[in-house]
Amino acid sequence: MPEPDNLHGFGKPLRGIDDVNDENWWIREKLRREEVDLELPPALEIRQAKRDLLVSLSAFADETVLRRQVEELNTRIAHVNRVAATGPPSTTTMIDVDLLVAEWRTAKH
């Protein structure tokens with residue numbers, strides 16, 4: 001039996017020790033080790049992109065940048081909704097740019 005100071009990784013920080021508690025950590029670690037790159041189907045990817053933008057709304061410091069990001073996302077949403085693709089159909093709605101910017105302004109002030 002190897003001595004503790006002869007073990008692989010001895011003295012090195014534990015990978016993921018500070019990560020959020022995730023019950024699927026072992027799946028993610030296996031995929032990382034196997035260098036598997038999973039892409040979401042377009043409908044799910046665009047839904048995630050919309051969620052990410054809405055969650056990060058407070059991080060936008062400039063209205064012009066926010067408008068550009070939302071317009072680019074709306075273009076992607078329209079494309080995914082229009083084009084038949086693999087995976088589930090897309091039902092993601094486009095974002096009302098003016099309404100979102102108004103909410104952003106209210107939250108900023």
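Quick caveat, the model's predicted, so the values are computed rather than measured.
Distance check, rounded to the nearest 0.5 Å: CZ of R32 to CD1 of I27 gives 15.0 Å. A distance of 6.5 Å separates CH2 of W104 from CG of L66, quoted to the nearest 0.5 Å. Separating the CG atom in D52 from the CD atom in E45 is a distance of 9.0 Å, to the nearest 0.5 Å. Rounding to the nearest 0.5 Å gives a distance of 5.0 Å between CD1 of I95 and CG of L73. For the atom pair CD of E103 and CG of L54, the computed distance is 9.0 Å after rounding to the nearest 0.5 Å. With rounding to the nearest 0.5 Å, the separation of OG in S90 from CD1 in I77 is 7.5 Å.
Following chains of ILVMFWY side-chain contacts shorter than 4.5 Å, one can reach V97 starting from V65, so the two form part of one hydrophobic cluster. Clustering ILVMFWY residues whenever any of their side-chain heavy atoms sit less than 4.5 angstrom apart, transitively, puts L57 in a cluster other than the one holding L99.
In this structure, L100 and L53 have side chains that are in contact, with non-hydrogen atoms separated by less than 4.5 Å. In this structure the side chain of L40 never reaches within 4.5 angstrom of the side chain of R47, judged on heavy atoms.
Heavy-atom minimum distance, P41 versus P88: CB-CD, 4.0 Å.
Taking 4.0 Å as the cut-off between side-chain N and carboxylate O, E63 and R67 count as a salt-bridged pair. Salt-bridge formation is not detected for the pair R68/E71: no Lys NZ or Arg NE/NH1/NH2 atom is positioned less than 4.0 Å from an Asp or Glu carboxylate oxygen.
In this structure, K108 contributes its side chain and F60 its backbone to a donor-acceptor pair below 3.5 Å. Of the possible polar contacts, none joining the N74 side chain to the M94 backbone as a donor-acceptor pair under 3.5 Å is found. Proximity of a side-chain donor or acceptor of N81 to a complementary backbone N or O of T93 within less than 3.5 Å is not detected.
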After noting the C-alpha distance and the side-chain angles of R76 and E72, does the key distance pass the salt bridge (charged side-chain N to carboxylate O under 4.0 Å, His left out) rule? CA-CA 6 Å; R76 291 173 52 208; E72 288 174 5; over 6 Å; no
